[in-house]
2 protein chains.
Amino acid sequence: MLNNSQYIEKLRSSGLRPTKQRIKICEILFNSEKTFHFTINELVKRISKSTNDKISLATVYNTVHAFKNKGYLKEIPINSDQSYFDTNTSHHHHFYDETQKDLIDIDDADVEPVKINTRIPGKKIKSVEVLVKVEDDKS
Amino acid sequence: MLNNSQYIEKLRSSGLRPTKQRIKICEILFNSEKTFHFTINELVKRISKSTNDKISLATVYNTVHAFKNKGYLKEIPINSDQSYFDTNTSHHHHFYDETQKDLIDIDDADVEPVKINTRIPGKKIKSVEVLVKVEDDKS
DNA sequence: TTCTACATTATAATAGTTCTAAACTGTTGA
DNA sequence: TCAACAGTTTAGAACTATTATAATGTAGAA
Ligand SMILES: [Mn+2]
Ligand SMILES: [Mn+2]
Ligand SMILES: [Zn+2]
Ligand SMILES: [Zn+2]
């Protein structure tokens, strides 16, 4: 999608120094045609496959959190022993296959607008997300 | 709501032996008028306040998982450093106040039916849950 | 080039949860 | 009635994702 100098721009304009670690992680996260979901562990594996210069685990955590704070990643709320992140930052929803521990996007267009007919005084809505848990259909 | 002999029945009919630990936890979870959300930590605190016979942490975990498996509790999918459980097992949704780490029920009637216009072949839907994240409205 | 704030790193610490294996108990049926 | 056994409890260890620490390195400004 983007080349390194574009990631450097993106980082710089976010107030993040374009270090070689962050650029490498940008390549892995944002170069692919399709968006995807990942855990820190999976990301660490991808990194070690695609480079010889290792990036420390702490830096991977730091970077993912920095990117999440900047809005370049979303964290997906599911009960799991580890956090799931999403390179798709547009408004959308998820299937979660608990058997295979697999997250699948549901396009926003495939969900009728969710209307909540109640509010909490003094609070404003940050996000509305639908999680559809699925399991094998043995019928 | 129920008295001890009714919890004993409930447990027995679920294939769970009615031990004094489980009965005590039933009282704490299911005796109150209103349903509520809790973490294991909060439950442990409630237990130690309401009895002199301490229940081991392992038993609290075991019991909560057993009750969840029997459908007497639900686990709520949110990103948190700990699991949230719900004594309200009916179909409903949640606000999550990230500032106060507070979960609030949204009655199913207050949400227009969520229509998902896509499926995953070979999988059937187990649950459809809406999570509305809110924050302080400073405007 | 020098300076400094920001970033990386190895490693330790933390904390929620699960595991282990020994002791205990509810239930069954002889 | 009570022995036998499967199910349960328990203290503590182990596990594991995540965060903290603090020393070292580096990007960018001047
Ligand atoms: Mn968990
Ligand atoms: Mn988390
Ligand atoms: Zn997604
Ligand atoms: Zn609830």
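Note that these values count all heavy atoms, side chains included, but never hydrogens, waters or copies made by symmetry. Just so we're on the same page: letters track the sequence lines, and every chain starts at 1. This one's a predicted model, so the numbers in the text were calculated from it and none came from an experiment.
Qualifying salt bridge (Lys or Arg N to Asp or Glu O under 4.0 Å) partners for A/E112, counting only residues two or more places apart in sequence or in other chains: none. With sequence neighbours excluded, no residue satisfies salt bridge (Lys or Arg N to Asp or Glu O under 4.0 Å) with B/K45. Applying the salt bridge (Lys or Arg N to Asp or Glu O under 4.0 Å) rule to B/K101 yields no partners; only residues at least two apart in sequence or on another chain are considered. Partners of B/D107 according to the side-chain contact (heavy atoms from CB on, under 4.5 Å) rule, which considers only residues two or more places apart in sequence or in another chain, are B/A109, B/D110. By the side chain to side chain donor-acceptor pair (under 3.5 Å) test, A/H91 pairs with A/D108, sequence neighbours left out. Applying the side chain to side chain donor-acceptor pair (under 3.5 Å) rule to A/S13 yields no partners; only residues at least two apart in sequence or on another chain are considered.
When the P atom of C/dG26 is taken as reference, atom OH of B/Y7 falls 19 Å away, rounded to whole Å. Atom NZ of B/K70 and atom P of D/dG7 are 12 Å apart (whole Å). Remark: C1' of D/dA22 and CG of A/N62 are 14 Å apart, rounded to the nearest angstrom. What separates NZ of A/K24 from C1' of C/dA7 is a distance of 18 Å, to the nearest Å. One atom, CG of B/N79, and another, C1' of C/dG16, lie 15 Å apart when rounded to the nearest Å. Taking atom OH on A/Y84 and atom P on D/dT18, their separation rounds to 11 Å, with Å as the unit.
A donor-acceptor distance shorter than 3.5 angstrom exists from the side chain of A/S48 to the backbone of A/V44, with no hydrogens or angles considered. Checked by atom type and distance alone, the side chain of A/S50 pairs as donor or acceptor with a backbone atom of A/R46 at under 3.5 Å.
Checking A/F38, A/F67, A/Y61, A/F36 one by one against A/F85, the ring pair (Phe, Tyr, Trp, His ring centres under 6.0 Å) holds for a single residue, A/F38.
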Which protein N or O atoms sit under 3.5 Å from an N or O of nucleotides 14-17 of chain D?
none

Using a cutoff of under 3.5 Å, can you pull out all pairs of nitrogen or oxygen atoms linking the protein to nucleotides 27-30 of chain D, with atom names and distances?
| unit_1 | atom_1 | unit_2 | atom_2 | d |
| --- | --- | --- | --- | --- |
| D/dA27 | N3 | A/R17 | NH1 | 3.3 |
| D/dG28 | OP1 | A/R12 | NE | 3.0 |
| D/dG28 | OP1 | A/R12 | NH2 | 2.9 |
| D/dG28 | OP2 | A/R12 | NH2 | 3.3 |

Got a list of protein N/O to nucleotides 28-30 of chain C N/O distances below 3.5 Å?
none

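The side chain of B/H65 lies closest to C/dT18 when the candidates are C/dA7, C/dT18, D/dT18.
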Would you mind writing out the side-chain donor-acceptor pairs for residues 129-136 of chain A within the sub-3.5 Å range, not counting sequence neighbours?
| unit_1 | atom_1 | unit_2 | atom_2 | d |
| --- | --- | --- | --- | --- |
| A/D136 | OD1 | B/K123 | NZ | 2.5 |

For residues 16-23 of chain B, which side-chain donor-acceptor pairs fall under 3.5 Å, sequence neighbours excluded?
| unit_1 | atom_1 | unit_2 | atom_2 | d |
| --- | --- | --- | --- | --- |
| B/T19 | OG1 | B/R22 | N | 3.2 |
| B/R22 | NH1 | B/R17 | O | 3.0 |

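Counted within 6.0 Å of NZ on B/K124, heavy atoms from surrounding residues, nucleotides or ligands total more than 12; the atom is thus considered enclosed.
Contact between B/N88 and B/T35 at its shortest, heavy atoms only, is CB-OG1, 3.4 Å.
For the contact set between residues 50-60 of chain B and DNA chain C, defined by any heavy atom under 4.0 Å, the members are B/L57, B/A58.
One finds a side-chain N or O of A/Q21 lying less than 4.0 angstrom from the OP1 or OP2 phosphate oxygen of C/dT9.
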